[in-house]
Amino acid sequence: RLKLTPIVKYLNRKKKKLNDSRPLRFLDIGSNAGYFTEAARQLGCESFGIDLDEKAVAFAKENYPGSDFRSTTVEKLSETEPPFDLIYCTEVIEHVPDMHTFLKAIHKISNENTLLFFTTPDSGHFKTPKNLISWDEVIPLQHIRLFNKKNLKQLFEQHGFKQKFSFPMLRANQRVFFKIAT
């Protein structure tokens, strides 16, 4: 798992250069039980976690009352929230029925300094079986779409983002940082 500490330190240094003293706004899309949302709060962020699973949200609210957890979609959240500094979205986009509306909402709650971190299975990875049906990540009715490095980058570019960097992975997974294209 990606450690949040270096990312939060990096973003705090950028904010300091911009004379922005407010805490980093952190959003975890698909926060589940809230572990990463709480970790970000403990690093000094104003932390928000959203998930469609109401039981997971209830667990997170009970166990991590210092963070803001909601059972909602990013599309609904984007109607009321100002931009976030860090948007963390792991193993979610492959489940989203309308990825274009999803990314439009993320764009709406981002600004030129927002850093987006996404993970998703990598259908183009050298460890992915040639017969995709036999791949563990093919989960009908759950994983609606499969991404490879090229089509994920193209999708984000289509919605006004540019890829900043990605991590090489030994398992068939992508870990990618994006920003709004300027």
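Everything quoted here is computed from the prediction, not taken from an experiment.
- The shortest side-chain heavy-atom distance between Ser31 and Asp51 falls under the 4.5 Å cut-off.
- Under the side chain to side chain contact (heavy atoms under 4.5 Å, CB included) criterion, His159 pairs with His100, Leu103, Lys104, Leu155, Phe161, sequence neighbours left out.
- Rounded to the nearest 0.5 angstrom, Asp20 CG and Leu11 CG are separated by 11.0 Å.
- Val74 and Leu115 fall into different hydrophobic clusters, where Ile, Leu, Val, Met, Phe, Trp and Tyr side chains are chained together by heavy-atom contacts under 4.5 Å.
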Pair Gln163-Ser166, side-chain contact (heavy atoms from CB on, under 4.5 Å): steps then yes or no = CA-CA 8 Å; Gln163 182 176 320; Ser166 65; 3.7 Å; yes
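- Panel note: side chain Thr101, backbone Asp98; no donor-acceptor pair is recorded below 3.5 Å.
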request  = Show the numbers, then the answer: is there a side-chain contact (heavy atoms from CB on, under 4.5 Å) between Glu75 and Leu77?
outcome  = CA-CA 6 Å; Glu75 294 86 352; Leu77 186 78; over 6 Å; no
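- For the side-chain contact (heavy atoms from CB on, under 4.5 Å) test with Thr120, the passing option among Leu152, Val176, Val92 is Leu152; the others fail.
- Annotation: the span from Ser71 atom OG to Lys61 atom NZ amounts to 8.0 Å, rounded to 0.5 Å.
- Of the charged side-chain nitrogens involved, none lies within less than 4.0 Å of a carboxylate oxygen, so that Glu46 and Arg41 do not count as a salt-bridged pair.
- Looking at heavy atoms from C-beta onward, Pro97 lies in side-chain contact with Ile144 at the 4.5 angstrom threshold.
- Between the side chain of His95 and the backbone N or O of Gln142, at least one donor-acceptor pair lies under 3.5 Å.
- Using a cutoff of 4.0 Å between basic side-chain nitrogens and carboxylate oxygens, Asp85 and Arg22 are scored as salt-bridged.
- By the 4.5 Å heavy-atom criterion applied to side chains, Ser47 and Glu38 are not counted as neighbours.
- Connection of Phe117 to Phe165 is established within a shared hydrophobic cluster, with ILVMFWY side chains joined at heavy-atom distances below 4.5 Å, either directly or through further cluster members.
- Of the candidates Phe118, Phe177, Phe147, Phe102, Phe118 is the only one forming a ring-ring contact (aromatic ring centres under 6.0 Å, His included) with Phe156.
- Under the 4.5 Å side-chain heavy-atom criterion for ILVMFWY residues, a single connected hydrophobic cluster contains both Leu27 and Ile93.
- Checked by atom type and distance alone, the side chain of Asn63 never pairs as donor or acceptor with a backbone atom of Ala60 at under 3.5 Å.
- Residues Arg25 and Cys45 form no side-chain contact, since every pair of their non-hydrogen atoms from C-beta on lies 4.5 Å or further apart.
- Inter-residue side-chain proximity for Ile87 and Thr114 is flagged as met; some heavy-atom pair is nearer than 4.5 Å.
- Under the 6.0 Å cut-off for aromatic ring centres, Phe36 and Tyr88 qualify, their centroids lying closer than that.
- Taking the six-membered ring wherever Trp is involved, the centroid distance between the rings of Phe48 and Phe84 falls below 6.0 Å.
- Using a distance-only test at 3.5 Å, with no hydrogens or angles considered, no donor-acceptor pair links the side chain of His125 to the main chain of Asn173.
- Within the model, atoms CZ of Arg70 and CD of Glu54 stand 14.5 Å from one another, a figure rounded to the nearest 0.5 Å.
- A search for side chain to side chain donor-acceptor pair (under 3.5 Å) contacts involving Asp53 returns nothing, not counting sequence neighbours.
- Remark: the backbone N or O of Tyr64 is not paired with any side-chain donor or acceptor of Ser67 at under 3.5 angstrom.
- Taking 4.5 Å as the limit, every side-chain heavy atom of Leu52 sits out of range of all side-chain heavy atoms of Thr72.
- If you chain together hydrophobic residues whose side chains sit under 4.5 Å apart, Phe26 and Ile106 never meet in one group.
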key: Steps toward side-chain contact (heavy atoms from CB on, under 4.5 Å) verdict (Leu116, Lys179)   = CA-CA 6 Å; Leu116 311 170; Lys179 288 187 74 78; over 6 Å; no
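- Side-chain contact between Leu43 and Thr5 is present, with heavy atoms from C-beta onward closer than 4.5 Å.
- Looking at Glu79 and Lys76, no side-chain N of the basic residue comes within less than 4.0 Å of a carboxylate O on the acidic one, giving no salt bridge.
- Note on residues 137-160: no pairs pass salt bridge (Lys or Arg N to Asp or Glu O under 4.0 Å), not counting sequence neighbours.
- With hydrophobic clusters built from ILVMFWY side chains whose heavy atoms lie under 4.5 angstrom apart, Leu86 does not share a cluster with Ile109.
- No cation-pi contact links Arg175 to Phe167, judged by a cut-off of 6.0 Å to the six-membered ring centre and 45° from its axis.
- At least one donor-acceptor pair under 3.5 Å links the side chain of Thr119 to the backbone N or O of Glu91.
- To the nearest 0.5 angstrom, Ser110 atom OG is 12.0 Å from Phe178 atom CZ.
- Ile50 is not listed as a side-chain neighbour of Asp28, based on a closest heavy-atom distance of 4.5 Å or more.
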